[in-house]
Amino acid sequence: MNNLVDQALIDAEIINIYWERINLYIDVEIHAGKDFDKHIPVDFYALNGKRFAKAKFETERISDNVYRLSLNITNPGYNRCLPRGTYTIAVCQGDNEIAHCMTSPLIVDKMNDYSRAFPYANQSKVYNVIFYVGTTNDYSLPFHMYVMASAAEKNIYANTLSYPVAERAVSKGSLLHRVIRRIKKPFGKNTRRFIVKNLYKLFYNIHSHKKPVVLFMSEQNKSISSNQNAVYKRMIERGLDRQFKCIFSFRSSVAERQGILSWLQFINKLSKSTMIILDDHVPAFDWLVLKKETTIIQLWHAGAGFKSSGYSRWGNIGCPSPYSCHRQYKYGIAGSEKIAHFFSEVWGINKEQVLPTGMPRIDEFLDEEYRKEKTEMLYKSFPVCKNKKVILFAPTYRGKNKKNAYYPYNIIDFDKLYEACGNEYVILFKVHPWISEPVPLQKKHADKFIDVAEYSNINDLFYITDLLITDYSSSIFEYSLMNKPMLFFAYDEIQYSFSRGFHRDYKHSAPGKIVYTFDELIHAINEKDFEFEKVKQYVEFHFDYVDSNSSDRVIDWLILGNMPEYLQKRINDKNAEVKRTANLAFEQQ
């Protein structure tokens, strides 16, 4: 970069800073001099102390002289967090650096308010983004952004009286406990991981990798289902099992402890695979980095709900660490280009890597023969639904994970709900599969209330459903294609937003009426007040394709590598931009 800052072509002043989850937004006001060429685009770069460009801001011009910069701090383009360091913002035109961003006097006293801390690793570590004004001799206000990562200090004062410590922090435990800890120490978590990593490398070198091997795997479920199953079945139908060897690894390692044999089988399958098809987070991949020759494709099971997950909830309890499983994905999928950025934010990868294939499980869902077969079967299984309108009550879980998932059934007045059914409705209760406690239904309500928790595929139930009642569940994705109304019972929206977070505005994106009390829910049912017009808008935004070809697109684009040229060009252009940014040479000051 040629340094033309002294020519004073422009002045650049930061006038506002704000955040949306992990996305940093900075408004910059430009005051142009007479020699400034407005026809040449302006770029903004984050330069570290050695004046290397560590990020290029995405830029939107929001008025004649104001630019809005945006940066995902968990992924500035190279699928890693913005590195530690002190940053300034350089303004460039082409190969010329023309200004440094200064700070408006109007926001100087707000810099601490703009700063953010993002705890992770069970709150034992924190990633900080701190804004401040640099010191100069000319009364200017240079803008600085300081990024640091820190960890909790060990309590070196535990045995003194000068530092208040909880009793459990200084307790050494019984002699027996100390002996057990000493015995277990050589076989601790770090040692086990060291063994797994080295076994993976050993097994990988043993396997020849002559024939492509596709591994369908999950560490959450014990059997193949959903998007993975749809893709696998379609591969068999197309005879691709002759071209690819398909193997499987399904275990519930998140909830159940795995033995040595299970881990050896797991490592062996990983090491022989040239491609891995996932449908959820794999905790082992948070620390086990696979060979770069192994392609990992994420067929995320959730279509497009509201709940934040992955890096979109960074800083909240249960969020990933700066490096996690998600960073290893080569590709992910989404229902449309308009929602690809939701998924890329979750996974901490570039939105160009998220391809709008559609959800493979939709193929079967939209098949008319399948729909007819399942509808007949459901009416046989639940004859009370015949000649009635069906309400499906299907909320998501509360709690942190599968181990402690629950739903507060006490908020439901079953007598009032029964009365609201009248002679028109029956209600099927389908709570999240992680919730082990059954719905407390009473015999007096048996003619209108049915617990269908044992019915595994919620999508099938949509065929006979006339009204879906849910909250923050991604089940709305498939159900919207039925062109039927929904109600959103969000009694705990504030608490849920704080604990889990939303990756988009809940009130504006829910495709139906939101109610916040049980009485409001009953009133909406009685008055048929569902705000049904929102469903069509939701479908138009979330689906590029409404057909039965999503599995074929996944196979053709991602497994066979026949990606549409425009999508491949986007990926190539993004990679080129990231490489160019990394290699920019700014003159040292």
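These numbers come from a predicted model, not from an experiment.
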- Message: I'd like to know if the side chain of K416 and the backbone of D519 have a donor-acceptor N/O pair within less than 3.5 Å.
- Response: no

- Message: Just so I know, are the side chains of L468 and S475 near enough to count as touching, which here means a heavy-atom distance under 4.5 Å?
- Response: yes

- Message: Counting the benzene-type ring for Trp, do Y120 and W314 have ring centres under 6.0 Å apart?
- Response: yes

- Message: Salt bridge or not between R238 and D556? Use side-chain N to carboxylate O under 4.0 Å.
- Response: yes

- Query: With a 3.5 Å cut-off and no angle check, do the side chains of Q353 and Y331 form a donor-acceptor pair?
  - Reply: no

- Message: Closer than 3.5 angstrom, by distance alone: can the side chain of K351 be matched with the main-chain N or O of I339 as a donor-acceptor pair?
- Response: no

- With no hydrogens and no angle check, do the side chains of N23 and S70 hold a donor and an acceptor under 3.5 Å apart? no

- Message: Between N549 and D552 (side chain of the first, backbone of the second, donor and acceptor by atom type, cut-off under 3.5 Å), is there such a pair?
- Response: no

- Message: With a 4.0 Å cut-off on N to O distance, would you call R570 and E337 a salt bridge?
- Response: yes

- Query: Is the shortest side-chain N to carboxylate O distance from R553 to D547 below 4.0 Å?
  - Reply: yes

- Item | T517 (side chain) donor-acceptor with E520 (main chain) under 3.5 angstrom | yes

- Message: Can you confirm if the NZ or CZ of R251 lies within 45° of the ring axis of F266 and under 6.0 Å from the centre of its six-membered ring?
- Response: yes

- Query: In terms of side-chain geometry, is the basic nitrogen of K233 or E364 positioned less than 4.0 Å from the acidic oxygen of its partner?
  - Reply: yes

- Query: Between K388 and D466, is there a side-chain N and carboxylate O pair less than 4.0 Å apart?
  - Reply: no

- Task: Could you grab the distance from atom OG of S312 to atom CD of E20, nearest 0.5 Å is fine?
- Result: 12.5 Å

- If only atom types and distance count, is the side chain of N122 paired as donor or acceptor with the main-chain N or O of S124 below 3.5 Å? no

- Message: Taking the side chain as everything from C-beta on, heavy atoms only, tell me whether I297 gets closer than 4.5 Å to Y329.
- Response: no

- Among side-chain atoms of N72 and E58, is any donor-acceptor pair under 3.5 angstrom? no

- Spacing of M482 atom CE and I476 atom CD1 [to the nearest 0.5 Å]: 14.5 Å

- Would you call R371-E376 a salt bridge at under 4.0 Å N-O? no

- Message: If only side-chain N and O atoms count, and only distance matters, is there a donor-acceptor pair under 3.5 Å linking E219 with S253?
- Response: yes

- In terms of side-chain heavy atoms, does H301 have a donor or acceptor partner in N221 at a distance below 3.5 Å? no

- Message: Are F489 and Y491, when compared by the centres of their aromatic rings, separated by less than 6.0 Å?
- Response: yes

- Query: So which heavy atom on A394 is nearest to which on T470, and how close?
  - Reply: O-OG1, 2.8 Å

- Answer yes or no: is there a donor N or O on one side and an acceptor on the other, between the side chain of S324 and the main chain of P320, under 3.5 Å? no

- Should K444 and D415 count as side-chain neighbours, where that means a heavy-atom distance under 4.5 Å? yes

- Query: Which heavy-atom pair separates L560 from L240 by the least distance, and what is that distance?
  - Reply: CD2-CD2, 4.4 Å

- Just by distance, do the side chain of S218 and the backbone of Q220 share a donor-acceptor pair under 3.5 Å? yes

- Task: Report yes or no: is the cationic atom of R80 (NZ for Lys, CZ for Arg) closer than 6.0 Å to the six-membered ring centre of Y323, at no more than 45° off its axis?
- Result: no

- Task: Provide the closest heavy-atom pair for S474 versus E478 in the form atom of the first, atom of the second, distance.
- Result: O-OE1, 4.0 Å

- Message: Counting the benzene-type ring for Trp, do F488 and Y472 have ring centres under 6.0 Å apart?
- Response: no

- Message: Whether R192 engages the ring of W263 as a cation-pi pair (distance to the six-membered ring centre under 6.0 angstrom, angle to the ring normal within 45°) should be assessed.
- Response: no

- Got a sec, which pairs hit ring-ring contact (aromatic ring centres under 6.0 Å, His included) with one end in residues 444-470, sequence neighbours left out? F365-Y463, Y418-H445, Y418-F449, F429-F449, H445-F449, F462-Y479

- Query: In terms of ring plane angle, is the pair F342 and F541 parallel, tilted or perpendicular, where the classes change at 30° and 60°?
  - Reply: tilted

- Got a donor-acceptor contact below 3.5 angstrom from the D279 side chain to the L299 backbone? no

- Flag the pair E531 and K534 as a salt bridge only when some basic side-chain nitrogen lies within less than 4.0 angstrom of an acidic carboxylate oxygen. yes

- Min side-chain heavy-atom separation M217-I276 under 4.5 Å: yes

- Sidechain-backbone polar pair: D544 side chain, G358 backbone, donor-acceptor under 3.5 Å: no

- Message: Against the six-membered ring of Y311, is R327 placed for a cation-pi contact (under 6.0 Å from the centre, within 45° of the normal)?
- Response: yes

- Message: I need the L288 CG to L270 CG distance, nearest 0.5 Å.
- Response: 6.5 Å

- Message: Please determine whether a side-chain nitrogen of the Lys or Arg among E237 and R234 lies less than 4.0 Å from a carboxylate oxygen of the Asp or Glu.
- Response: yes

- Query: Can you pull the side-chain hydrogen bond (donor to acceptor under 3.5 Å, both in side chains) pairs that have at least one residue in residues 426-441, sequence neighbours excluded?
  - Reply: none

- Separation between CZ of R68 and CD of E60, rounded to the nearest 0.5 Å: 6.5 Å

- Which atom names give the shortest non-hydrogen contact between Y506 and D471, and what distance separates them? OH-O, 2.8 Å

- Query: Do NZ/NE/NH1/NH2 and the carboxylate oxygens of K507 and E493 come within less than 4.0 Å?
  - Reply: yes

- Message: If you define the side chain from C-beta out and look only at heavy atoms, does anything of I469 sit under 4.5 Å from I391?
- Response: yes

- Here the gap from Y407 atom OH to N410 atom CG, rounded to the nearest 0.5 Å, amounts to 9.5 Å

- Y538/F543 aromatic ring centres below 6.0 Å: no

- Only one of D280, I333, N227 forms a side-chain contact (heavy atoms from CB on, under 4.5 Å) with W300, so which one is it? D280

- Does N350 use its side chain to pair, donor to acceptor, with the backbone of E352 at less than 3.5 Å? no

